[in-house]
Every structure is written in C-alpha cells, then in structure tokens.
4 protein chains.
Amino acid sequence: MKIQKLDGYTLITYKDIKLRDGVLVQGLPGIGLVGKIAVDYIVSSLDLEKVAELIGPGILLPAGNVGVFVTNQGELQLPSYKFYYYSGTERDFLFLTSEVQPTVWAQYEVAEKVLDLFVSLGGREVVGLCGTAIEEAETGVYYALATPKLGEKLESIGAKRSSGGTITGACGLLPALASLRGLDAFVLMGSTQTSEPNFAAAKEVIIAFSKLYGMSISLEEIEKVINQIREKEEEAKKILEEAKPKEGEQLPSWYV
Amino acid sequence: MKIQKLDGYTLITYKDIKLRDGVLVQGLPGIGLVGKIAVDYIVSSLDLEKVAELIGPGILLPAGNVGVFVTNQGELQLPSYKFYYYSGTERDFLFLTSEVQPTVWAQYEVAEKVLDLFVSLGGREVVGLCGTAIEEAETGVYYALATPKLGEKLESIGAKRSSGGTITGACGLLPALASLRGLDAFVLMGSTQTSEPNFAAAKEVIIAFSKLYGMSISLEEIEKVINQIREKEEEAKKILEEAKPKEGEQLPSWYV
Amino acid sequence: MKIQKLDGYTLITYKDIKLRDGVLVQGLPGIGLVGKIAVDYIVSSLDLEKVAELIGPGILLPAGNVGVFVTNQGELQLPSYKFYYYSGTERDFLFLTSEVQPTVWAQYEVAEKVLDLFVSLGGREVVGLCGTAIEEAETGVYYALATPKLGEKLESIGAKRSSGGTITGACGLLPALASLRGLDAFVLMGSTQTSEPNFAAAKEVIIAFSKLYGMSISLEEIEKVINQIREKEEEAKKILEEAKPKEGEQLPSWYV
Amino acid sequence: MKIQKLDGYTLITYKDIKLRDGVLVQGLPGIGLVGKIAVDYIVSSLDLEKVAELIGPGILLPAGNVGVFVTNQGELQLPSYKFYYYSGTERDFLFLTSEVQPTVWAQYEVAEKVLDLFVSLGGREVVGLCGTAIEEAETGVYYALATPKLGEKLESIGAKRSSGGTITGACGLLPALASLRGLDAFVLMGSTQTSEPNFAAAKEVIIAFSKLYGMSISLEEIEKVINQIREKEEEAKKILEEAKPKEGEQLPSWYV
C-alpha cells in the first residue's frame with residue numbers, strides 16, 4: 001500500500017499497474033443508477049481487483065455531509081473513488097466507481113486528479129457510463145462524443161447518437177476534460193424512464209460496452225435480478241387487482 | 001489548438017492573435033439577456049472566428065450544477081467563456097460571450113483570468129454590455145464609467161450617464177477590475193422593462209456600440225426578430241380581445 | 001496610486017503613510033449600524049483622507065452577490081474596505097470602514113490581510129467598534145478585551161465590562177486575531193435596543209472613543225441627526241394619537 | 001506562547017510537550033454531546049493543562065457564523081480546537097475538544113492539521129469518542145475500527161462491535177484519516193436514545209475508555225450530575241401526575 005498526498009486529497013495505491021492502451025470506465029451514482037450498476041456488475045462478475053482509492057474533501061457521504069461509513073464488520077471506511085483493474089487481451093481497463101459523486105465545487109478538481117492518475121498509468125480512452133431520461137418506452141443505448149471519429153464504431157454496435165441536451169455530474173465532465181488532454185472520450189447512456197435503480201437499462205449498457213471492447217461478460221446474474229424485480233412487481237400488481245372491490249361489492253355510494 | 005492550465009482553469013487557444021489597441025467586449029447572460037444578445041448578434045452577423053475558450057470549475061451549467069452540454073450533433077461541450085476575434089480598420093476587438101455567468105465565488109478569479117489573457121494579447125479597453133432595469137417606457141442606452149475621460153465620447157453618441165445604483169454580476173466587475181490595471185473601461189446598458197429576452201434593447205446597445213467604434217453592423221436580422229416578436233404579441237392580444245365577452249354576453253352577476 | 005496583488009485581493013494605496021504607535025479603528029455594518037456610523041462620522045467630521053482600499057472576492061455587494069456600485073456621477077465603484085488616515089498629537093490612526101462585512105468564508109482571510117497591512121505601517125493597537133443588543137433602556141458603552149491590561153483604562157472612561165456572550169462578524173474577530181500577533185486589542189460596543197441605525201448609540205461610542213484617545217471630535221452634526229430623528233418620531237406619535245378614536249366615537253362593538 | 005501560521009490557520013502552543021507512545025482522544029459536539037461531555041469531564045476531573053489551541057476559518061461559532069465568544073470576565077475568545085495534555089504511567093495522552101465541529105468544507109483540512117501536530121509530537125493512536133443513536137433501551141458502548149487488530153482488546157473491555165451505518169462529522173473522520181498515516185485508530189460510541197446532552201451515555205464511554213488505558217478517573221462528579229437530572233425528571237413527572245384530573249373530576253364529555 002502506497003499513500004500519496006495530492007493537495008488535500010490522498011491517493012492510496014494497493015497495486016502498481018501499467019495500462020496497455022488503457023481505457024478508463026467510470027460509473028458513478030446518477031439517474032437510475034445505470035452507470036454505477038453497470039460498473040459494479042462488471043467489477044463483480046469479472047472479480048476485479050481494487051488497485052487504488054482516492055479520498056478527500058470533495059468526496060463526502062451520500063447525504064452531502066462529512067463522515068465515514070461503518071461496514072457490517074464494524075470497520076471505518078472513508079467515502080472514496082475506487083479503481084479496479086482488468087487486463088484484457090489487447091488493452092487494459094481501469095474501472096472507476098464510488099458511493100457518491102463529488103460535491104459541486106469539487107467536480108473539476110476530482111476529475112483532474114483521476115485523469116492525472118490515469119494518464120500516468122498509460123491511459124488512452126475515457127468512457128462515462130450513465131443513464132439518460134428518455135420518454136420512449138423501449139430501452140436503448142445512446143452515446144455522446146468528445147472525439148468525433150469514435151461515432152462510426154459506436155453506431156456499429158447499435159448505440160444511437162444523442163440528439164442534444166445536458167449531462168449533469170461527472171459522467172460527461174470526465175470525458176470532456178479527458179479530450180482536452182488528447183484522450184479519446186465518450187459517454188454511453190442507458191435510457192431510463194425511472195430514476196429508481198434500473199437494472200434493465202444497466203444491462204443494455206453492459207451489452208453495448210462488451211460489444212464495443214470485445215469483452216465477454218456473463219449476464220446471468222443481472223438477468224436474475226431483473227427477473228426477481230419483475231416478479232415482485234407482478235405480484236404486487238396481482239395483490240392490488242385482487243384488493244379491488246368486485247362489481248356489486250362496492251361500498252354504497254353515500255359512504256365516504 | 002493550444003491547451004494551457006491556469007490554476008484549475010484551462011485556456012484553449014484555437015488561433016494565435018495580437019490585438020492592435022485591443023478592445024474587449026463582454027456580453028454575458030443577465031437582465032433581459034441584453035448584453036448576450038448584443039454580442040451574440042455581432043459575432044454572428046460579422047461571422048467572427050472563435051479564437052479561444054476558457055473552461056473551469058467556476059463556469060457551470062446555467063442551472064448552477066456541474067456538467068456538459070450535448071450538441072444536436074451529439075458532441076460533448078463544456079460550458080465555457082468563448083472569445084471571438086474581429087480585426088477592425090484601426091483597432092482589433094475580442095468579443096466575449098458564454099452560456100452562463102461564473103458562480104458567485106468564482107466571479108473575481110474568472111474576471112482576472114480574462115484580463116490576464118486580454119492584456120497579454122495587447123488589450124487596452126474593456127466594455128461590459130448588459131441590460132439595466134428602468135421604469136421609463138422609452139428604450140435608451142446608459143453608461144457607467146471606470147475611466148472618467150470616456151464620458152464625453154459616450155455622451156456624443158447619445159448614451160445617458162447612469163444616475164447610480166448597482167450592477168450585479170460580471171458586467172460591471174470586469175471593467176472595474178480592468179481599470180485597476182490601467183485599462184480604459186466602461187459599461188453600456190440597454191434599458192429594459194422586462195427580464196425576458198429583450199431584442200429591442202439589445203438593438204439599441206448594438207447601435208450605440210457601432211457608433212462608438214465606427215463599426216458597420218447590419219441590423220436587418222435583429223429587426224426581423226423584433227418584428228416577429230411584435231407580430232406574435234399583437235396576435236396574442238387580438239385573440240385575448242376576441243375572447244372577452246361582449247356587452248350583454250356577460251355571465252349574470254350572481255354567477256361566481 | 002500603487003496597486004498590489006495579495007492572493008486574489010488587490011490593495012490600492014493612494015498615499016504612503018507610516019503610523020506612529022498606530023491605532024486601527026474598524027467600524028463595519030452590524031447591529032444598529034453603530035460601529036459604521038461612528039467611524040463614518042469621525043472620518044467625515046475630521047475630514048480624513050482615504051489612503052488605501054482593499055478589494056477582492058470576499059468583499060461583495062450588501063445583498064451578498066457579486067457586482068459594483070454606480071455612484072450618482074455614474075462612476076463604477078467596487079465594494080471595498082476603505083482606510084482613512086488621521087495623524088494625532090502623539091500617535092496616528094487608521095480608520096477602516098466599508099459598505100459590507102466580508103462573506104462568511106472570507107472573514108479570516110480579509111482580517112489577516114488588514115492586519116498584514118496595518119502591522120507593515122507600524123500598527124500597535126486594534127479597536128473594533130460596533131453595537132451590542134442589550135435590553136436595558138439606558139444607552140451605555142461596553143467593552144470586551146483581548147488584552148487584559150487595557151481594562152483599567154477602559155473602566156476609567158466609564159465603559160462597562162461585557163458580561164459574556166458572542167460578538168458575530170469582523171468586530172470581535174479582527175481584535176482577537178490582532179492579539180495573536182502581539183497587538184493590543186479590544187472591542188467597544190454601544191448598547192442598542194433596535195437593529196435599525198442607532199445614531200444615539202453611535203454618539204456614545206464616539207464620546208468613549210474620543211475620551212480614550214484624547215481626541216476632540218465635535219458632536220454637533222450627529223446631535224442634529226439624533227434630534228431630527230427624535231422630532232420625526234414624536235410627530236409620528238402625535239399623528240397616531242390624534243388618529244385614535246376618542247371615547248364615545250368608537251365603532252359599535254358588533255362592527256368587525 | 002508560540003504562534004505558528006498553517007495556511008490560514010493559527011496554532012498556538014502554550015507548552016512544548018513530547019508524547020510517549022501518544023494517544024489522541026477527540027470529543028467534539030455531536031449526538032447527545034456524548035463525546036464532548038466525556039472528554040470535558042476527563043479534562044476537568046484530571047485537571048489537565050491546555051497545551052495548544054488551533055484557530056482558523058473552518059472553526060466558527062456554533063451557529064455557523066464567524067465571530068468570537070466573550071467570557072464572563074469580558075475577554076474575547078476565538079472558537080478553537082483545544083488540546084490538553086495528560087502524562088500517564090507508560091504512555092501520554094492528548095485530549096482534544098472544542099465548542100464546535102469544523103464547517104463541512106473544512107473538516108478534512110482541520111483533521112489533517114490535527115494529525116500533523118499529533119504526529120510531530122510523537123502520536124501513535126487516535127480515538128474518536130462520540131454518541132450513536134440506538135433504539136434499544138439499555139446503554140452500551142460500541143466501537144468501529146480503522147485498525148482490525150484492536151478488536152480483541154475492545155471486546156475484552158465489553159465494548160460491542162458496531163454492525164454498520166455511518167458516523168457523521170469529525171468523530172469517524174479523524175481516526176479514518178489517522179489510519180492512512182499508519183496510526184492505530186478507532187471510534188468508541190456511547191449509545192443514546194436522545195439527542196439531548198446524555199451524561200449517562202458519556203459515563204459509559206468514560207468507563208470503557210479508562211478500562212482500555214488503565215486510567216483511574218473518579219466518576220463521582222458525573223454521577224452527581226446524572227442523579228440531579230434524574231431527580232428533576234422525576235419531580236417533573238410527579239407534578240404532571242398530580243396535575244392530571246382525578247376520576248370524577250374530569251370535564252364533562254361534551255366540553256371541548
């Protein structure tokens with residue numbers, strides 16, 4: 001374990017790595033938790049090793065106050081950016097997730113620290129994964145680009161070009177700042193009609209992502225979760241249906 | 001494209017320029033959008049080239065949160081200060097506009113960075129364009145000065161001296177800080193009775209500005225917009241008039 | 001005029017001075033405006049010269065937003081700390097006033113910059129003038145100390161020792177920080193039962209202050225103001241009295 | 001008295017000390033005031049000497065605004081972190097308390113300054129004392145760890161391992177940051193069902209703490225306070241009982 005001070009922040013390195021043609025994949029909490037679920041799922045299903053952690057004054061508890069988590073084992077844990085390493089066949093990946101987004105005033109400084117680290121390890125490409133609120137019923141994956149030449153490749157895997165708007169938080173900021181450093185960069189967004197955790201949208205993002213980088217990620221576990229949620233929703237629906245008074249069983253109309 | 005880091009901010013230079021007796025003309029969002037409309041119009045009607053962009057932690061999305069824009073072509077775009085270059089007959093101009101004003105805590109640091117850049121390019125004079133809320137019905141252009149000797153010239157083009165108050169935001173701050181560096185500086189304000197985008201007030205500011213610097217700017221397009229808005233307002237008025245119940249068609253007085 | 005940059009702040013020096021056994025007297029806006037009225041009055045009645053001004057990101061408009069004042073003569077004026085010089089018989093004084101108190105996050109940094117300047121000029125003693133909310137009907141002057149040995153002198157001019165509480169803002173902060181630099185320091189507070197501008201309380205503070213330093217300050221003008229206010233209040237009272245319905249002229253009791 | 005500037009903060013050293021195998025014990029305001037009461041009580045009952053004080057822009061008045069306290073003796077006192085020294089038989093202790101927690105944006109920088117000081121004096125172990133909201137009726141002492149090996153020792157004195165959650169504020173932050181510097185660190189929490197000052201919970205923490213370090217601290221005074229509070233509560237209860245209308249004395253049921 002190596003500890004480095006970076007003006008007010010602390011970088012903890014658990015393992016020294018070098019990235020071949022490195023890709024940084026960021027998935028933080030945001031709309032529908034799409035990006036975070038996708039990255040957490042990849043990290044867990046590929047059983048990736050945590051190689052570094054970044055802590056500091058802009059990375060607070062989810063409620064926005066300062067403090068620490070206590071794990072079920074009673075251990076203190078600072079809210080942090082966590083980096084996981086995956087060595088692919090031709091290029092290497094750094095997956096980044098966290099319990100939180102940085103506070104407003106710290107978004108730029110945290111993003112710059114992440115890019116400093118990533119570039120120093122041999123990084124070349126930055127991907128932001130997140131959700132996008134879209135009113136259409138069908139799920140789909142949208143992209144937005146900081147590097148125009150990537151459009152063709154993204155179209156080829158079936159992602160649709162975003163038709164404009166804003167992307168709040170770190171999901172768009174990190175790729176946009178990365179491109180100022182000459183890195184390739186884009187955002188991949190799973191469409192969601194709910195702001196609740198959306199595993200189906202995350203699955204679509206995982207599929208698009210694994211196509212893009214020729215990575216093989218089993219979908220078995222996330223499909224189980226999606227099915228469980230669907231079953232529970234259907235059960236709830238049935239209960240509600242049955243609870244409805246049948247014709248002729250209604251309360252008299254003068255009863256309020 | 002040249003990228004420079006300026007403590008937390010990034011200056012992107014698309015084209016190296018030198019300003020002869022340079023004038024900086026700033027028009028940011030503010031009351032009636034007067035300043036921003038004026039500068040955007042001049043930039044568009046003179047078809048000026050963007051020569052530089054400033055991005056960083058104090059220049060956020062209009063809603064005040066961190067993030068990026070996505071263009072209609074699906075490209076990521078950081079909120080930024082944008083600088084456009086105009087080479088006049090005797091002196092050169094740098095027009096500055098943005099989607100936003102800097103956040104409160106960043107106004108001074110962003111203004112100082114703008115002035116650092118401007119002075120390094122050969123800047124001599126700073127003009128803030130914006131709106132001013134005035135209750136009189138007639139539109140007019142008012143000025144406030146950091147450099148007393150400019151009063152005569154401003155009177156000669158028909159601008160009226162402001163009789164006091166406050167100018168919030170960057171419109172007055174930039175000229176005031178500029179004068180501390182020995183630059184000539186003033187504010188030109190179009191009077192507005194509405195906080196809605198006021199193209200008529202912007203037109204008055206454009207006229208005053210072009211008189212002042214002997215610049216020829218066609219008003220054709222802005223007059224089209226003003227006429228379109230006027231026509232729509234008159235239509236709406238007519239519809240409302242017709243919707244009014246005629247004498248004898250009113251609801252009986254006991255009807256609530 | 002000399003301009004100095006002090007990390008984000010700008011110090012404008014209009015006149016180079018040296019202080020013999022210098023005293024800094026600060027009166028900023030606060031409860032009853034007592035401190036500001038006192039210092040403004042002394043500056044105006046002794047016709048003191050402004051020798052320096054401090055501007056920067058922590059000194060904003062009174063409403064808390066960034067911007068500039070426009071004077072009645074149409075001149076831009078940054079909100080600032082203003083320093084006035086008075087050369088006494090044995091020691092010299094620097095009077096400090098402003099339109100505003102620094103924002104919360106800037107109070108310490110602004111106070112430290114003031115003390116840097118003051119010490120560099122030969123400062124020895126720091127006085128904070130302000131109001132204190134006290135429920136007793138009679139006006140009086142209270143003191144609180146950072147330098148215990150000053151108590152005797154303050155008692156001798158009739159000031160009463162404060163019996164505890166808190167002093168918010170710069171009035172207590174500046175003397176407290178000054179004493180950490182080895183300067184003599186205390187606060188002189190005029191008691192006020194109103195948070196409205198209280199000229200009577202300010203007069204008491206001026207009297208105590210001038211006794212303390214053997215300074216001769218005419219009270220003629222402030223007494224005029226106090227009398228004018230008293231007369232207006234009495235007029236208003238009379239009008240209200242007369243407007244009261246007389247016995248027998250009251251509205252019938254069933255009238256609501 | 002030695003004064004040191006630490007970027008915007010000031011460290012006042014009243015007495016030079018060295019800590020043998022030093023332990024830092026922090027008790028700041030928080031839920032039930034448990035940690036602060038415990039440390040204040042130990043400091044007072046062992047009659048410890050204040051050896052240092054830290055002041056600065058992140059340590060404000062309890063209401064969150066800038067200012068100073070005035071003591072009952074009329075002395076100005078900056079809100080501060082106060083350090084008290086206790087020389088034990090084998091190791092030395094530094095007790096830290098304050099009127100306040102640092103503001104949100106200053107928690108990390110203040111904690112780092114505390115650790116800088118502590119390490120420079122020979123510190124080895126950091127303990128955060130505070131309260132934890134637990135619904136069970138019985139009081140108990142819980143711990144959370146940054147250093148796993150300490151678990152056994154904490155269990156042996158009867159403390160229970162926390163089963164997870166969050167610890168807001170400096171109580172968990174300081175130990176967590178301490179462990180990144182290689183120091184041993186943990187949190188000791190007294191369970192409380194009230195957010196009001198809880199002396200009984202503080203007593204439990206004091207008992208656990210003194211067992212842990214083989215320190216002898218008389219509980220006489222805190223038990224007096226607990227008894228006084230209990231008696232007052234019982235009195236209040238009795239008065240309420242007696243005030244209840246007796247059977248047959250109730251108001252008629254139609255009376256509202």
Side-chain angles (χ1 to χ4, degrees), chain B residues 7-8 28 30-31 58 101-113 115-116 126-128 130 132 142-152 154-155 159-189, chain C residues 1-16 29 36 50-83 98-114 117:
Chain B
D7 8 73
L28 298 175
I31 184 162
Q101 292 241 351
T103 52
V104 169
W105 53 263
Q107 285 267 8
Y108 276 76
E109 73 186 28
V110 170
E112 295 290 6
K113 277 173 188 33
L115 293 173
D116 287 346
V126 173
V127 191
C130 51
T132 182
Y142 292 80
Y143 69 88
L145 290 163
T147 313
K149 68 171 185 204
L150 296 175
E152 210 174 321
L154 285 158
E155 296 281 340
K160 297 170 216 164
R161 186 176 282 252
S162 166
S163 59
T166 58
I167 302 174
T168 55
C171 184
L173 184 68
L174 190 78
L177 290 174
S179 86
L180 290 180
R181 299 189 181 214
L183 305 178
D184 290 345
F186 63 98
V187 170
L188 218 49
M189 297 174 281
Chain C
M1 195 169 98
K2 198 175 64 190
I3 308 274
Q4 276 168 277
K5 287 273 161 201
L6 308 165
D7 7 75
Y9 288 78
T10 305
L11 177 67
I12 313 165
T13 308
Y14 299 109
K15 185 181 184 168
D16 278 318
K36 178 164 172 57
K50 185 163 69 179
V51 291
E53 223 165 320
L54 181 72
I55 67 132
I59 304 171
L60 304 182
L61 291 178
N65 45 12
V66 174
V68 298
F69 298 102
V70 181
T71 66
N72 295 341
Q73 285 73 47
E75 281 181 25
L76 297 174
Q77 218 161 59
L78 286 158
S80 69
Y81 263 36
K82 295 163 223 314
F83 298 88
S98 178
E99 303 90 358
V100 288
Q101 292 240 351
T103 52
V104 169
W105 53 263
Q107 285 267 8
Y108 276 76
E109 72 185 29
V110 170
E112 295 290 6
K113 278 175 186 33
V114 168
L117 169 66

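All heavy atoms count here, side chains included; hydrogens, waters and symmetry mates do not. All chains are named by letter (A, B, ...) in the order of the sequence lines, taking the proteins before the strands, and each is independently numbered beginning at 1.
Between the CD atom in Gln73(C) and the OG atom in Ser162(B) there is a gap of 10.5 Å [rounded to 0.5 Å]. Residue Gln77(C) holds its CD atom at 12.5 Å from CG of Leu145(B), rounded to the nearest 0.5 Å.
If you tally non-hydrogen atom pairs under 4.5 Å between each of Ala176(B), Ser163(B), Gly165(B), Gly172(B) and chain C, the highest count goes to Gly165(B). Counting heavy-atom pairs closer than 4.5 Å to chain C, the top-ranked of the candidates Gln101(B), Glu109(B), Arg181(B), Arg161(B) is Arg161(B).
The minimum heavy-atom distance linking Tyr108(B) with Ile59(C) is given by the pair OH-O, 3.7 Å. A pairwise comparison of heavy atoms in Ile55(C) and Leu180(B) identifies CD1-CD1, 3.4 Å as the closest pair.
At a threshold of 4.5 Å between non-hydrogen side-chain atoms, the residues Ser179(B) and Leu76(C) do not count as touching. At a threshold of 4.5 Å between non-hydrogen side-chain atoms, the residues Thr103(C) and Val104(B) do not count as touching. By the 4.5 Å heavy-atom criterion applied to side chains, Val70(C) and Val187(B) are not counted as neighbours.
Using a 4.5 Å cut-off between heavy atoms, Pro148(B) touches chain C through its side chain atoms alone. When heavy atoms are compared at a cutoff of 4.5 Å, Glu112(B) approaches chain C solely by way of its side chain, counted from C-beta outward.
Taking non-hydrogen atoms and a 4.5 Å limit, the residue list of residues 7-14 of chain C in contact with chain B, ordered by number, reads Thr10(C), Ile12(C).
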